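Read through the structure below, which is laid out as structure tokens, and then see the notes.
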Amino acid sequence: MAISMEKTSYLQQFANFLSIVTILICFILKVPQILKLLNVKNARGINLVGLLMELTSYTIMMSYNFRNGYALLSYLEYPIILIQELILISLVLKYKDMLDIYSFFAAGLYFSVAASFLIGVVPLGLLAFLVPLCTPIGASSKVVQLGEILRSKNAQSVSILTWLISTFTNFTRVFTIIMESADLTLLLNFVINTVLSTAVMVAAIVYKNPSKHIVEKKAE
């Protein structure tokens, strides 16, 4: 019995370590894209709708974890990524010349809804209903990206490191959630995102040098 409790303690310590590592990595998750936008000063190729879908998913997941009183270490990456996502969306709006009264109104609406999630105006039951929707919302952007790589057989503009980080952080969360709460809804979300992030990363590696595949196709 004592040995079993000792093993559980070691696993919990390892889960806490993974949580810290995941949080630290998330500090740089969106930074490369932000720096690139600041450098090129245009947002061509950046899908604003996709970014807004990510923002919606992150907001719901953070609110759900917060309202359930889960350990902060098990979801601290969400507020960190949210800040980066908001900066990224602001830059995209700026470089697409979309910073107008409508965008400011939408921003105010977003912050009002997010606040209502966090302070309890929105019932926890509604958040629990919305959380499963985060899985298809988050997964859809990855499916689209994977399909684009497979269609074009070109991944020169895709950051393999970004998808490696995404795969790693999603995978670590599978383990930490098992140890912290065993919430099946959260587990399903991270398992699916781990698989899809891995698929995009592998496709990006395979088609990293598109010229090679073009030559092979011509040779056939």
Side-chain angles (χ1 to χ4, degrees), residues 22-23 25-38 40-145 159 162 165-166 169-170 173 177 183 185-186 188-190 192-193 196-197:
T22 300
I23 292 166
I25 291 175
C26 285
F27 272 108
I28 63 169
L29 184 60
K30 301 284 184 177
V31 171
Q33 184 63 72
I34 291 172
L35 293 177
K36 187 171 185 179
L37 282 176
L38 290 172
V40 301
K41 291 181 170 49
N42 74 70
R44 289 191 295 270
I46 303 294
N47 190 310
L48 181 60
V49 173
L51 293 178
L52 293 175
M53 289 172 66
E54 286 184 343
L55 181 68
T56 301
S57 176
Y58 294 146
T59 302
I60 292 172
M61 294 298 291
M62 181 188 71
S63 302
Y64 178 76
N65 279 274
F66 176 78
R67 292 281 298 281
N68 274 291
Y70 293 150
L72 183 60
L73 281 178
S74 69
Y75 69 93
L76 186 56
E77 71 267 23
Y78 284 118
I80 293 172
I81 297 175
L82 267 174
I83 294 172
Q84 297 176 44
E85 192 80 11
L86 289 169
I87 294 172
L88 185 54
I89 290 173
S90 299
L91 289 173
V92 170
L93 288 171
K94 175 183 177 181
Y95 293 127
K96 285 184 178 288
D97 294 323
M98 295 175 65
L99 278 178
D100 52 26
I101 187 64
Y102 299 106
S103 61
F104 284 107
F105 174 78
L109 181 61
Y110 163 75
F111 284 113
S112 298
V113 173
S116 68
F117 282 168
L118 292 172
I119 65 178
V121 174
V122 174
L124 183 57
L126 178 57
L127 272 178
F129 172 78
L130 293 174
V131 165
L133 300 180
C134 292
T135 299
I137 291 174
S140 61
S141 63
K142 295 179 176 64
V143 171
V144 169
Q145 181 60 61
S159 171
T162 294
I165 292 173
S166 178
T169 54
N170 278 293
R173 278 308 175 208
I177 287 172
D183 189 307
T185 302
L186 296 178
L188 177 62
N189 175 65
F190 283 110
I192 291 176
N193 279 287
L196 290 175
S197 292

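If you're wondering where the values come from, they're calculated on a predicted model, not measured in any experiment.
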(Q) Let me confirm one number: the CD1-CG distance from I137 to L52, rounded to the nearest 0.5 Å. (A) 11.5 Å

Q) A71: what forms a side chain to side chain contact (heavy atoms under 4.5 Å, CB included) with it, not counting sequence neighbours? A) S74, E180

Q: Output all residues satisfying side-chain hydrogen bond (donor to acceptor under 3.5 Å, both in side chains) with S57, sequence neighbours left out; order by chain, then residue number.
A: none

**Q.** Atom pair OG/CD1 of S197 and I165 - distance to nearest 0.5 Å
**A.** 11.0 Å

Q | Point-to-point distance, once rounded to the nearest 0.5 Å, from CD1 of I60 to CG of L55 | A | 9.5 Å

Q | From CD1 (I177) to CZ (F190), nearest 0.5 Å | A | 4.5 Å

Q.
Once side chain to side chain contact (heavy atoms under 4.5 Å, CB included) is applied, do any residues pair with P136, and if so which ones, sequence neighbours excluded?
A. none

Q. Can L186 and M61 be said to form a side chain to side chain contact (heavy atoms under 4.5 Å, CB included), step by step?
A. CA-CA 9 Å; L186 296 178; M61 294 298 291; 3.1 Å; yes

Q.
Please check: side-chain N/O of K96 versus main-chain N/O of L93, any donor-acceptor pairing under 3.5 Å?
A. no

**Q.** Pair T56-L133, side chain to side chain contact (heavy atoms under 4.5 Å, CB included): steps then yes or no
**A.** CA-CA 10 Å; T56 301; L133 300 180; over 6 Å; no

Q.
Please find the pair of heavy atoms, one from Y75 and one from R173, that lie closest to each other, and give the distance.
A. N-NH2, 4.0 Å

Without placing hydrogens or testing angles, list every side-chain donor-acceptor pair under 3.5 Å for residues 107-131, not counting sequence neighbours.
| residue | atom | partner | partner atom | Å |
| --- | --- | --- | --- | --- |
| Y110 | OH | T59 | OG1 | 2.8 |
| S112 | OG | G108 | O | 2.8 |
| S116 | OG | V113 | O | 2.5 |

Q) Between CG of N170 and CG of N189, what distance do you get to the nearest 0.5 Å? A) 7.5 Å

Q. Does the side chain to side chain contact (heavy atoms under 4.5 Å, CB included) test come out yes or no for M53 and S141, once each step is laid out?
A. CA-CA 8 Å; M53 289 172 66; S141 63; 5.6 Å; no

Q. Taking only residues two or more places apart in sequence or in another chain, which ones pass salt bridge (charged side-chain N to carboxylate O under 4.0 Å, His left out) with K142?
A. none

Q.
Just to verify, what does Q84 make a side-chain hydrogen bond (donor to acceptor under 3.5 Å, both in side chains) with, not counting sequence neighbours?
A. none

(Q) Going by side chain to side chain contact (heavy atoms under 4.5 Å, CB included), name the residues that satisfy it together with D100, two or more places apart in sequence or in a different chain. (A) Y102, S103

Q) Taking I83 as the fixed residue, which of I80, L86, I87 is the one that meets the side chain to side chain contact (heavy atoms under 4.5 Å, CB included) rule? A) I87

Q) Can you list every pair that meets salt bridge (Lys or Arg N to Asp or Glu O under 4.0 Å) and has a residue in residues 86-95, with sequence neighbours left out? A) none

(Q) Can you tell me how far apart CD1 (I192) and OG1 (T135) are? Round to the nearest 0.5 Å. (A) 5.0 Å

Q: Could you tell me which non-hydrogen atom of N193 sits nearest to which non-hydrogen atom of A139, and how far apart they are?
A: OD1-N, 4.2 Å

Q. Got a sec, which residues hit side-chain hydrogen bond (donor to acceptor under 3.5 Å, both in side chains) with D183, two or more places apart in sequence or on another chain?
A. Y64, Y70

Q: Can you run down the salt bridge (Lys or Arg N to Asp or Glu O under 4.0 Å) pairs that involve residues 114-131, sequence neighbours left out, and say none if there aren't any?
A: none

(Q) Going by salt bridge (Lys or Arg N to Asp or Glu O under 4.0 Å), name the pairs with one or both residues in residues 50-68, residues two or more places apart or in two chains. (A) K30-E54

